[in-house]
Asks: 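So that we are looking at the same thing, I have put the structure below in structure tokens.
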Amino acid sequence: MKTYTFYSETNDFTDLLSDKTIKSAIRTKVSWKNYLLLGFSNNISESTIGYLVIKYGDMMTNKIEKDYTPKPNIDYVPIKR
């Protein structure tokens with residue numbers, strides 16, 4: 001199964017889920033706050049995947065883990081010169 005994760009600040013994925021080309025190919029749909037995970041079967045056509053990436057590529061994300069980068073003045077005190 002091929003999975004793709006999408007992010008939207010408004011949590012509105014109606015345009016993606018109502019698209020006729022993609023709607024018929026979706027096998028799994030999982031959503032949580034501002035994210036949507038779509039699963040497709042392994043034998044999905046490359047043209048459908050290409051259409052998905054071209055039209056909704058700006059919503060695609062791989063980063064679903066919390067950002068653990070240190071924050072100045074919270075995790076450390078920057079040296080002022």
Side-chain angles (χ1 to χ4, degrees):
M1 178 177 283
K2 296 180 182 181
T3 59
Y4 297 95
T5 307
F6 300 91
Y7 174 78
S8 174
E9 290 181 3
T10 61
N11 202 25
D12 182 28
F13 298 101
T14 54
D15 55 341
L16 176 65
L17 295 174
S18 63
D19 195 324
K20 293 178 185 177
T21 307
I22 299 168
K23 188 175 183 177
S24 62
I26 296 173
R27 297 290 171 247
T28 306
K29 177 177 66 170
V30 179
S31 63
W32 63 98
K33 186 178 179 182
N34 297 341
Y35 288 94
L36 175 70
L37 180 112
L38 295 178
F40 301 94
S41 63
N42 285 334
N43 58 359
I44 189 170
S45 68
E46 291 298 320
S47 61
T48 305
I49 295 297
Y51 173 78
L52 177 72
V53 170
I54 289 172
K55 189 161 184 184
Y56 301 104
D58 57 334
M59 296 173 67
M60 289 180 143
T61 183
N62 287 334
K63 190 174 185 178
I64 59 173
E65 186 176 315
K66 182 181 174 187
D67 184 16
Y68 291 105
T69 56
K71 295 172 181 57
N73 296 321
I74 296 173
D75 297 325
Y76 68 95
V77 179
I79 299 173
K80 296 180 182 179
R81 296 178 186 201

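These figures come from a predicted structure and were not determined experimentally.
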Asks: List for me each residue that meets side chain to side chain donor-acceptor pair (under 3.5 Å) alongside Thr69, sequence neighbours excluded, and say none if there are none.
Replies: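 Partners of Thr69 under the side chain to side chain donor-acceptor pair (under 3.5 Å) test: Asp67.
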Asks: For Lys2, which residues count as a salt bridge (Lys or Arg N to Asp or Glu O under 4.0 Å) partner, sequence neighbours excluded?
Replies: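 Salt bridge (Lys or Arg N to Asp or Glu O under 4.0 Å) list for Lys2, sorted by chain: Glu46.
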Asks: Please name all residues satisfying side chain to side chain donor-acceptor pair (under 3.5 Å) with Ser45, sequence neighbours left out, ordered by chain then number.
Replies: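 Partners of Ser45 under the side chain to side chain donor-acceptor pair (under 3.5 Å) test: Ser47, Thr48.
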Asks: Sequence neighbours excluded, which residues qualify as side-chain contact (heavy atoms from CB on, under 4.5 Å) partners of Lys71?
Replies: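 Lys71 satisfies side-chain contact (heavy atoms from CB on, under 4.5 Å) with Ile74, Asp75 once adjacent residues are dropped.
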Asks: Test of understanding: with side chain to side chain donor-acceptor pair (under 3.5 Å), list the residues that count as partners of Asn73, not counting sequence neighbours.
Replies: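 Per chain and number, Asn73 pairs via side chain to side chain donor-acceptor pair (under 3.5 Å) with no residue.
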Asks: Sequence neighbours excluded, which residues qualify as side chain to side chain donor-acceptor pair (under 3.5 Å) partners of Ser8?
Replies: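 Only Thr10 meet the side chain to side chain donor-acceptor pair (under 3.5 Å) criterion with Ser8.
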Asks: Identify, with sequence neighbours excluded, every residue that meets salt bridge (Lys or Arg N to Asp or Glu O under 4.0 Å) alongside Asp12.
Replies: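 Asp12 satisfies salt bridge (Lys or Arg N to Asp or Glu O under 4.0 Å) with no other residue.
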Asks: Which ILVMFWY residues are connected to Tyr56, directly or by a chain of links, through side-chain heavy atoms under 4.5 Å apart?
Replies: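 In the cluster with Tyr56 are Tyr4, Phe6, Phe13, Leu16, Leu17, Ile22, Ile26, Leu36, Leu38, Phe40, Ile44, Ile49, Tyr51, Leu52, Val53, Met59, Met60.
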Asks: Got Val30 and Tyr35 here, is their nearest side-chain heavy-atom distance under 4.5 Å?
Replies: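 Heavy-atom side-chain distance check fails, nothing below 4.5 Å.
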Asks: Looking at every non-hydrogen atom in both residues, tell me the closest pair between Asn11 and Asn34 and how far apart they are.
Replies: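 That would be OD1-N, 3.2 Å.
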Asks: Under the criterion side-chain contact (heavy atoms from CB on, under 4.5 Å), I'd like the reasoning laid out for Thr21 against Lys55: C-alpha separation, chi angles, the key distance, then a yes or no.
Replies: CA-CA 11 Å; Thr21 307; Lys55 189 161 184 184; over 6 Å; no
Asks: According to salt bridge (Lys or Arg N to Asp or Glu O under 4.0 Å), who are the partners of Glu9, at least two apart in sequence or on a separate chain?
Replies: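 Per chain and number, Glu9 pairs via salt bridge (Lys or Arg N to Asp or Glu O under 4.0 Å) with no residue.
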Asks: With salt bridge (Lys or Arg N to Asp or Glu O under 4.0 Å) as the rule and sequence neighbours excluded, what pairs involving residues 23-35 come up?
Replies: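 Non-adjacent pairs meeting salt bridge (Lys or Arg N to Asp or Glu O under 4.0 Å): zero.
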Asks: When Ile, Leu, Val, Met, Phe, Trp and Tyr are grouped by side-chain heavy atoms lying under 4.5 Å apart, directly or through other members, which residues fall in the same group as Ile54?
Replies: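 Direct or chained contacts put Ile54 with none.
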